[in-house]
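Heads up: the structure comes next, in structure tokens.
Computed from heavy atoms alone, side chains included, the values below leave out hydrogens, waters and symmetry copies. Here is how names work: the chains are called A, B, and so on, in the same order as the sequence lines, proteins then strands, and each is numbered from 1.
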There are 2 protein chains.
Amino acid sequence: MSQITIVDLAETLGLSKSTVSRAFRDSSDINPKTKERILAKAEELGFSPNLYASSLKGNKSYTIAIIIPEFGNKFFSQAIKGIELIARSKGYHTLIYVTDSNVQNEASIVRSLANGRVDGVLISASGEGRDHSHLQLLVDHHIPIVFFDRTYDDFNSHFVTGNDFESSRRATEHLIENGCKRIAYLVINQNVSIGKVRMDGYKKALSDHGIATDERLVLDTENDADVNRDAIRKLLLEQKPDGIFASVERLAISTMRVASEEGMRIPEDLKLICFSCLDITDLLQPSLSVVKQPAFEMGKHAANFLFQQLAKPIELTNQLTTLLESSLIFQNSSKKN
Amino acid sequence: MSQITIVDLAETLGLSKSTVSRAFRDSSDINPKTKERILAKAEELGFSPNLYASSLKGNKSYTIAIIIPEFGNKFFSQAIKGIELIARSKGYHTLIYVTDSNVQNEASIVRSLANGRVDGVLISASGEGRDHSHLQLLVDHHIPIVFFDRTYDDFNSHFVTGNDFESSRRATEHLIENGCKRIAYLVINQNVSIGKVRMDGYKKALSDHGIATDERLVLDTENDADVNRDAIRKLLLEQKPDGIFASVERLAISTMRVASEEGMRIPEDLKLICFSCLDITDLLQPSLSVVKQPAFEMGKHAANFLFQQLAKPIELTNQLTTLLESSLIFQNSSKKN
DNA sequence: GTGAAAGCGCTAACAA
DNA sequence: TTGTTAGCGCTTTCAC
């Protein structure tokens, strides 16, 4: 911690602490030469104004928080990269928290932020539970919140995400066009927004093509990779789908491994497409068809919106959603036989 | 921001602010009933003590920073996950910064931390430049620093990394044992520690097996993917290596793409092994042989050491290095013909 | 253009 | 066990 204070600096320079203080704020009028002298001395002594004293006076932390459910895939690392980039360009600092998709963790993290630690929060919902009152705490403290990728329906705020309904519809339609009759949908979690919206797109494509939805082909998964893998195996063996649409990358990866273990070939016996931000899908065996969200852009967009809110708060009476275009990349995993 | 203060709470309860303050600290003796009453009221009013006032008094931020050069691969996301986990278990918050492998960015970030914002710093060096005096600023402010994965030689501190020399030696030896005679080494950057150490391991394996080092087979790369790709193409075409040892994943990925474009088969014409934390190397075509660092463990280890330093500072007079064991996973990309 | 002084919200000696 | 009080280091009116 910085031992030297503004008073020390003032003394060594024969000035008052208010003058020294002014040298570090842009606004106040001060003799340019004095300012220069002060800044030079500060540099020499390695002094910079104590953050906590400034924040206590100014009631501003110049810090935002990112809360994400997991760190498993490239989507979140790209999104964080975008957020951090914008934040730093605005002179803001970025705190990072991982909830492990656990709403209790989410609540405890959120509670630790309401004491002025942050000026705003970017969050991708953990997806669990029905009680999201912890977020109300932020609202009460006038801390703006922006959701990205995953949200809660029961909460009015800004939400930045991909055009998941349409991408899902097109992904599913692509499987149909390539000959699939029994397409299974692997849900990340029925309670998270992305689970539902992506399922709606899936169902729309089915009904558009006169295919009835078979609930046995919809697999709701959990937070445990082993459990999911067994469930996928059961699905493949019992329901014999000829196409899989996975709402997240890790479920598609599990599917590839299980299919291989069970001697099913992709795409001959089973076609596969999923949401993923992986940048080496072309090198997989088979190359993987994906819906690729603009993760980096999404992070930047969400951050920019947060800073807009910080500059000029807007009261939201219902959820305001911004959709960013995802790209569909069709490769061998979904290829027609 | 929190409008309500400790004084407001005290007034509504007919107590003094010191009593209220005590209710939020664990140590001080206070009537359990009073404490309960205070905490209940605080909960009701959504009050929590202002962080900046506490920090200003206590000269402690309960915040650490992670500074990383890039966010491109799984290594860093896993390491961050480990760090954040430990930090939160200690009641600490974690700031994240990305330097984009640029030492100027690194310096400006570091400077913004020396004002008491953080109690400690975890850093993976950007790798550029010869002047690392910005880090001295942290030392002057008694902010402990722990390096992980990438360090600077000219700086005394704790450094947590993998047993890169030995892993590199074994990886290279593995290529030799599988018949390679002309093994190229792709360096991330000659100036970063990992570039050098991994090269030393490579050279050791060569000399152990009576193979002379051919400097034309050592390719120093830059921060630009396109430039690197062209350089790799040139290397493959002109030097005709029969094995590649890549010090980082992205160089191996570029190699796979270039090889494919030039009609070279892996592993028949060219064997490949690299450092990588990717968890789907088995699904690549061909499955990729890797040196896998314990990224999550490394993050936890580095964080734990930082907290040890925070609890009881130790003056380091030279670099203290902790090596964590990496695992070698041999798959098809390096298989004998 | 510069200085004096009050106070941001909290903590911790000290007193009661 | 609780209250009083003096700051933590800085910003910002208000004088000069």
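- The residue among A:I6 and B:T34 whose nearest nucleotide of DNA chain D is located toward the 5' end is B:T34.
- In terms of position along DNA chain D, the nucleotide closest to B:T19 lies nearer the 5' end than the nucleotide closest to the other residue of the pair B:A53 and B:T19.
- The distance from atom OH of A:Y62 to atom P of D:dC10 is 16 Å, rounded to the nearest whole Å.
- Within the nucleic acid shown, B:S54 comes within 4.0 Å of sugar-phosphate atoms alone, with no base atom in reach, counting heavy atoms only.
- Going from atom NZ of A:K35 over to atom C1' of C:dT2 covers 15 Å, rounded to whole Å.
- Computed from coordinates, the B:Y52 OH to C:dC8 P distance equals 19 Å when rounded to whole Å.
- The six-membered or imidazole ring of B:H132 lies away from that of B:F155, with a centre-to-centre distance of 6.0 Å or more.
- Between the CD1 atom of A:I30 and the P atom of C:dG3 there is a distance of 9 Å, given to the nearest Å.
- Note on B:S55: nothing from the nucleic acid sits closer than 4.0 angstrom, heavy atoms only.
- Here the P atom of nucleotide C:dC8 and the CG atom of A:L56 are 9 Å apart, to the nearest Å.
- Listed here is the closest heavy atom pair of A:F148 and A:A302: CB-CB, 4.2 Å.
- One atom, CZ of A:R22, and another, C1' of D:dA15, lie 11 Å apart when rounded to the nearest Å.
- The side-chain heavy atoms of B:F24 and B:F47, taken from C-beta on, include a pair separated by under 4.5 Å.
- Remark on DNA chain C: of its neighbouring residues A:K17 and A:V20, the 5'-side contact belongs to A:V20, judged by nearest-heavy-atom nucleotide.
- Summarising the geometry of A:Y52 relative to B:L56, their closest heavy-atom pair is CB-N, 4.0 Å, with the distance given to 0.1 Å.
- Annotation: cation-pi pair B:K81/B:F296 present, NZ/CZ under 6.0 Å from the ring centroid and within 45° of its normal.
- Atom NZ of A:K57 and atom P of C:dG9 are 9 Å apart (whole Å).
- Side-chain N/O atoms of A:S16 and base N/O atoms of C:dT2 include no donor-acceptor pair closer than 3.5 Å.
- The distance from atom CG of A:L15 to atom P of C:dG1 is 14 Å, rounded to the nearest whole Å.
- Distance from the side chain of B:N31 is smallest for D:dT1 among the nucleotides D:dG3, D:dT1, D:dG9.
- With hydrogens and angles ignored, no donor-acceptor pair closer than 3.5 Å exists between the side chain of B:S21 and the base of C:dA12.
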